[in-house]
Amino acid sequence: MAVRHFIDLWQLEASELRGILDEAHAMKKARAGWPKGRADEGAPLDGHILAMIFEKSSTRTRTSFDVGIRQLGGTSIVVNSNDMQLGRGESIGDTARVLSRYVDMVMIRANDHTDIEDFAEASSVPVINGLTDRSHPCQIMADLMTLEEHGLDLKDARLAWVGDGNNVCSSFIHAAPKFGFTLAIGTPDRYAPDEDDLELARELQGRIEVFDNAEDAAESADVVIADTFVSMGDSDADERLDELEPYAVTEELMELAQPGAKFLHCLPAHRGEEVDSEVIDGPNSLVFDEAENRLHAQKAIMRWCLDK
Ligand code: CP
Ligand code: NVA
């Protein structure tokens with residue numbers, strides 16, 4: 001069987017993604033109320049080791065993968081890329097071949113998406129994308145799980161993305177044709193989503209609408225989604241903050257959406273920049289369920305990668 005990498009959502013069949021979410025819901029329910037360090041029934045990844053390589057900061061991804069592999073019965077090693085020979089010029093291919101001899105699976109948070117593709121190409125164990133400059137697929141699996149948990153049928157749902165058409169937005173674009181939701185994106189032209197992603201989603205019959213303002217995107221949406229205006233690695237912070245200011249999620253913007261529309265944000269958030277505290281700390285914000293579900297969704301992703 002070919003090695004199962006989890007690099008981008010468009011590379012998986014809709015049925016595989018559906019299976020991962022179903023598994024995530026079931027595993028979360030099965031351990032409700034348990035201490036967080038207790039292993040799941042049957043410890044499905046008993047004896048397996050996950051290596052995690054970080055080129056950028058992380059709170060949620062690092063902790064949720066580490067806790068997740070332990071709940072599955074496995075163990076983890078965390079490596080900062082600066083401490084590896086990678087930083088002194090060892091090739092990505094050689095690093096992947098070597099790590100494949102020690103561990104069963106590798107999660108990478110990389111600056112450059114092509115580095116993760118090169119790593120996966122040389123790796124004989126599954127590679128999981130823990131965020132790159134181009135995408136953040138694990139995040140979107142947790143986000144969709146959260147919406148389902150709160151009663152949304154994704155096939156009928158209208159999701160609005162407002163702000164920067166960034167890496168997280170790209171993974172929502174990849175997910176749209178796979179799960180059948182409509183994605184309405186409101187971004188300034190300068191920070192519009194990647195054209196290749198939009199074309200790919202449309203080829204797969206994804207329902208994607210792109211607007212140059214936040215209001216048209218938020219109109220009648222079931223869910224409004226924001227992310228930081230300045231992502232890790234962006235060097236033009238001042239210009240972004242200026243240009244993206246009209247795309248902030250305020251109570252007025254939420255009023256254009258469906259009554260009771262939900263709010264999502266992958267975190268970390270900047271209150272008063274991309275979202276007002278009344279929204280992110282309000283009754284329709286799901287951000288902490290969303291953060292928790294990183295754990296459950298990624299456990300299902302790791303099981304899918306190892307077919308266990
Ligand atoms: N949302 C997310 O990926 O958070 P971290 O950067 O803290 O991992
Ligand atoms: N778009 C953000 C997401 C952080 C989880 C970034 O890349 O920094």
Side-chain angles (χ1 to χ4, degrees), residues 6-9 24 50-69 76 78-81 106-116 128-147 159 161-175 183 185-188 190-194 197 224-237 239-241 243-244 247-249 263-271 273-275 280 285-299 301-302:
F6 191 84
I7 308 279
D8 269 322
L9 299 179
L50 167 74
M52 294 189 265
I53 303 175
F54 285 93
E55 289 185 356
K56 308 192 198 198
S57 311
S58 167
T59 297
R60 281 144 288 268
T61 306
R62 176 182 172 149
T63 318
S64 56
F65 265 105
D66 205 343
V67 172
I69 186 76
S76 68
V78 184
V79 216
N80 183 323
S81 61
V106 183
M107 190 239 65
I108 308 177
R109 171 164 284 195
N111 289 312
D112 187 340
H113 190 82
T114 55
D115 286 349
I116 228 179
I128 299 174
N129 176 357
L131 178 146
T132 68
D133 56 331
R134 290 229 303 263
S135 57
H136 197 5
C138 295
Q139 180 69 55
I140 276 53
M141 295 300 279
D143 293 6
L144 299 179
M145 176 182 178
T146 307
L147 295 177
L159 276 55
W161 173 276
V162 292
D164 184 16
N166 63 13
N167 46 0
V168 180
C169 178
S170 282
S171 288
F172 270 110
I173 295 171
H174 299 160
L183 183 65
I185 303 171
T187 62
R190 180 159 171 204
Y191 300 117
D194 189 299
D197 286 332
V224 177
I225 314 162
D227 186 11
T228 179
F229 287 160
V230 185
S231 283
M232 293 180 277
D234 286 338
S235 52
D236 53 347
E239 289 115 273
R240 283 173 171 276
L241 291 175
E243 195 151 347
L244 288 162
Y247 296 80
V249 179
F263 175 74
L264 290 181
H265 189 309
C266 64
L267 305 180
H270 307 81
R271 288 167 175 79
E273 284 183 14
E274 74 272 9
V275 60
I280 191 168
S285 169
L286 304 182
V287 298
F288 297 110
D289 286 347
E290 183 184 3
E292 177 185 340
N293 286 335
R294 293 292 302 279
L295 167 65
H296 307 291
Q298 288 158 192
K299 285 169 66 183
I301 291 167
M302 288 191 274

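Remember, it's 1-based here, ligands and their atoms both numbered in the order they're listed.
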Study note, to complete from the structure: The side-chain hydrogen bond (donor to acceptor under 3.5 Å, both in side chains) partner of Asp197 among Ser135, Ser171, Ser170 is Ser170
Point to revise | Short N or O distance, Cys266 and ligand 1, threshold 3.5 Å exclusive | key: yes
Study note, to complete from the structure: Looking only at non-hydrogen atoms, the one of Thr228, Thr61, Thr63 nearest atom 8 (O) of ligand 1 is Thr61
Review point. Between CG of Leu267 and CG of Asp227, what distance do you get to the nearest 0.5 Å?
Key: 9.0 Å
Study note, to complete from the structure: Among Arg62, Arg294, Lys56, closest by heavy atom to atom 2 (C) of ligand 1 is Arg294
Check your understanding: atom 3 (C) of ligand 2: which protein heavy atom is closest, and how many Å away?
Key -> Asp227 OD2, 3.7 Å
Exercise for review: Can you sort out which atoms of ligand 1 are near Leu267, meaning under 4.0 Å from one of its heavy atoms?
Suggested key: 1 (N), 2 (C), 4 (O)
Point to revise | Minimum-distance protein heavy atom relative to atom 7 (O) of ligand 2 | key: Asn167 ND2, 2.8 Å
**Study point:** Nearest protein heavy atom with distance in Å, relative to atom 2 (C) of ligand 2
**Key:** Ser231 OG, 3.3 Å
Exercise for review: May I ask you to identify, for Leu131, whether its side chain, its backbone, both or neither come under 4.0 Å of ligand 2 on a heavy-atom basis?
Suggested key: side chain
Review point. Glu274 side chain to Ala269 main-chain N or O, any donor-acceptor pair under 3.5 Å?
Key: no
Check your understanding: Tell me: protein heavy atom nearest atom 8 (O) of ligand 2, and distance?
Key -> Met232 N, 2.8 Å
